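Remarks on the structure that follows.
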Amino acid sequence: MENIKMGEEWSILPPEEIGSQDFFTDLLEDLYQRFLEVKEGENATYIPELAKADPDLFGISIMTTEGRIYSIGDTSELFTIQSISKPLVYGMVLEELGEEYVINKIGVEPTGEPFNDIMEPREIQERKYNPMVNAGAIITTSLIKGDTLEEKQEKLFNMFSRYLGRNVNLKESIFWSRKTGDSWNRAIAYMMLNFGLIEGNVEEILDLYFQQCSILVNCQDLALIAAILANKGLNPITGQRTINENYTKNLLSVMFTSGLYDFSGQWAYRVGLPAKSGLSGSIIGVIPNKMGIAVFSPPLGTQNKSVRGVKIFEEISQRFKLHIFKPDYSNNPLNKKKKVISSLFKKQDYLPSFLQHLYDKYLPLQEGKIYVSEPDLVEHDPNCFSICIVTVDGTVYTVGESEKPFLIQSISKVFAYGMALEDHGRDYILTKVEVEPTGDSYNSIIKVEENSKRPYNCMVNTGAIAMTSLIKGKSPAHKLNRLLKMYQRYVGHPVYVDTSAVVSEQNQGDRNWAISYLLRNFGMISGDIKQTLDLYLQQCSAIINCRDLAVMAATLANQGINPITDQSAINPEYVKDLLSVMFTCGMYDFAGEWCYKVGFPAKSGVGGGILGVVPGVMGIGVFSPPLDKRGNSIRGIKVCEELSQQFQLHIFQPLN
């Protein structure tokens, strides 16, 4: 392995960790030797040829965006790319057809299901799949343009050649094994054909799909692919443009939320980098603007991920604080982007005039329905609309009725989760509630993890009720008082509960009773269910306004310190946890599309509020009661989309 020269590209790593020019050489040697002893997992049997691979093969490669590659172990050993081909083909189709056309064909919602799940007809009709799972990937392949199969093959192989900087070859035995024996994916393809989602001859499309998965690569090739995505689509070895940089954020977004299938939420929570895994035992990870990392080790764990690969990425991320929502070091490249955004805000009248433009543009919008627990309880004005931004230095910008009170509703789930984390710690909480996005609605009643019966995440009602049951207190009144004091730290003034709203929800809450009994049946909650539900409804019925919402968001953007009062609202150790789950699950069955289009952590509530966090920069609050079919504010989504585009707030948006 080449000795590593310390240079500008490593400045993302904390300076105190850097000892000598041989630091990274020693690091990779240490990782290799420690994880070489891991003997867990088994080779994939899904494809018979993969089961024959030597389970002792093991390699790690890193490539910087300047083209320097550092490797250890079996990094020249060839294996098939398998599912790591999916984001690359998706990128090619985006370039050919454009984002709007493709997203109407292929959804971007996480599924919470295995890579080869056969979907229900309702889920297919609602596009509850994404290009990282087989159903979405086969549709993606069907969109490759060409008059003949040969023309499409040539286009596909040329794309891979641009990524790898060389001609590509297939492993024929893998291809023929899949072509002649893969009835499962053939069933998926014909199911998609049945719903009119596949274009062209289905058998030719399957040939093309099996070929893209059978391309031979090695660990160094995969590190190069990851480095290209880190380098805004430019191959750092050849200097060739591999993919339009405007589409790299799309690939990184869907990799972050869905790249590891039913382990994607855990990966986003623990590792926090865009990544993609493959059944050959490989994983790639992208550190935007810096480097790509690849690990190859065939034995897979229970969720079909390389056991060594997952452990190594967890180790690297935690040791060097690479999670995208970790506090940034002063020389992190993301800080350059933050400085540019902050400088735009400081231009006189620029942000206030833009907010006024958004207000004037969307106030006339007359779409959506207002949530009511029962008729005539509260008079809701569909034209009530406000936008508020609070920066981490405490500057406040508002437009519209920013002091108009409303109920926090499901936005409370973020803050109750933070309380539970502080009360019990991360490890214990993860035994009670998962962090997997599911693509299901907020009030889904049946979605619990099949093996452990844990709720999939705390942003939907099932997980939120389980979280509320964990809030500590000597009595129901003490628990409520603790919760209200917590809100006060975030907003900077006392917060009260709307009693009539609580009583109304208690009388209309049969679904939440059903969820609670289901949770108790699986041993996920215990004690008095009524007390837990009462506290849950009280936390959702806290009265806030749009300015409060933006201050709460700015507190999370400011690592848990309220920028108005300078008071600590939450242990900064847990802010990363809240932002991670908000990013992947905060908008329910719109969470994947939100990450794809808007790209910063957010949480919505049926009261009409949306809370958005731009880490290190600002908090965003939008209030507008009319909701879409998913329970999200229609005006709120449009405002956040425009703010993201105007100021390049998407976490994976290349800085221009």
Side-chain angles (χ1 to χ4, degrees), residues 405-433 455 458-459 461-503 505-506 509 512 516 519-520 524-545 548-549 551-556 558-562 564-579 581-582 603 605 607 609 611:
F406 59 91
L407 300 185
I408 192 170
Q409 293 289 6
S410 284
I411 297 171
S412 67
K413 293 169 181 174
V414 174
F415 304 100
Y417 184 52
M419 275 194 79
L421 283 167
E422 289 192 299
D423 281 352
H424 298 279
R426 182 179 297 117
D427 291 341
Y428 180 79
I429 292 299
L430 285 172
T431 67
K432 294 296 183 180
V433 179
C458 59
M459 298 293 107
N461 290 9
T462 307
I465 292 170
M467 277 297 99
T468 302
S469 74
L470 298 175
I471 292 174
K472 290 183 177 180
K474 299 174 183 177
S475 66
H478 184 220
K479 292 179 181 180
L480 176 59
N481 187 57
R482 287 191 67 224
L483 200 127
L484 294 177
K485 291 293 185 185
M486 177 268 292
Y487 282 144
Q488 182 173 341
R489 292 194 298 275
Y490 276 99
V491 302
H493 62 75
V495 175
Y496 303 99
V497 169
D498 186 327
T499 305
S500 63
V502 173
V503 173
E505 293 285 1
Q506 285 172 332
N512 284 331
S516 300
L519 289 170
R520 190 161 78 175
M524 289 294 104
I525 63 174
S526 58
D528 190 319
I529 285 182
K530 184 179 185 304
Q531 287 185 9
T532 294
L533 273 180
D534 283 349
L535 185 61
Y536 173 68
L537 297 177
Q538 288 164 345
Q539 84 180 39
C540 293
S541 300
I543 304 168
I544 60 169
N545 59 44
D548 294 335
L549 200 60
V551 174
M552 297 173 89
T555 300
L556 294 178
N558 198 34
Q559 285 300 306
I561 305 297
N562 185 315
I564 306 297
T565 66
D566 286 329
Q567 183 181 13
S568 175
I570 183 175
N571 185 331
E573 176 186 354
Y574 296 119
V575 172
K576 171 184 73 68
D577 303 63
L578 272 59
L579 297 181
V581 180
M582 287 168 64
K603 186 72 190 78
L611 173 151

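Model, not experiment: these values are computed from the prediction. Heads up: numbering here begins at 1 and tracks the sequence.
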Original post:
Counting distance only, does the side-chain N/O of Arg426 pair as donor-acceptor with the main-chain N or O of Tyr574 below 3.5 Å?
Top reply: no
Subject >> Whether Asp566 side chain and Ile561 backbone form a donor-acceptor pair below 3.5 Å >> reply: no
**OP:** Using only heavy-atom distances, determine whether the side chains of Asp548 and Tyr487 contain a donor-acceptor pair under 3.5 Å.
**Re:** no
Subject >> Shortest non-hydrogen separation from Ala464 to Lys413 and the atoms involved >> reply: CB-CG, 3.5 Å
Original post:
Are the side chain of Ser412 and the backbone N or O of Ile408 linked by a donor-acceptor pair below 3.5 Å?
Top reply: no
Original post:
Counting N and O atoms only, with roles assigned by atom type, does the side chain of Asp423 sit under 3.5 Å from a partner on the main chain of Ile471, one being a donor and the other an acceptor?
Top reply: no
Original post:
Would you say the side chains of Thr468 and Gln539 form a donor-acceptor pair under 3.5 Å?
Top reply: yes
Original post:
For Asn571, does its backbone N or O pair with a side-chain atom of Glu422 as donor and acceptor, under 3.5 Å?
Top reply: yes
Original post:
Which atom names give the shortest non-hydrogen contact between Glu505 and Gln409, and what distance separates them?
Top reply: OE2-NE2, 4.2 Å
**OP:** Identify the two heavy atoms, one from Leu537 and one from Val502, that lie closest to each other, and give their separation to 0.1 Å.
**Re:** O-CG2, 4.0 Å
**OP:** Please name the pair of heavy atoms, one in Tyr490 and one in Asn562, separated by the smallest distance, quoted to 0.1 Å.
**Re:** O-ND2, 2.8 Å
Original post:
Is the side chain of Asp498 donor-acceptor paired with the backbone N or O of Ala501 at a distance under 3.5 Å, no angle test?
Top reply: yes
Original post:
For Gln488, does its backbone N or O pair with a side-chain atom of His493 as donor and acceptor, under 3.5 Å?
Top reply: no
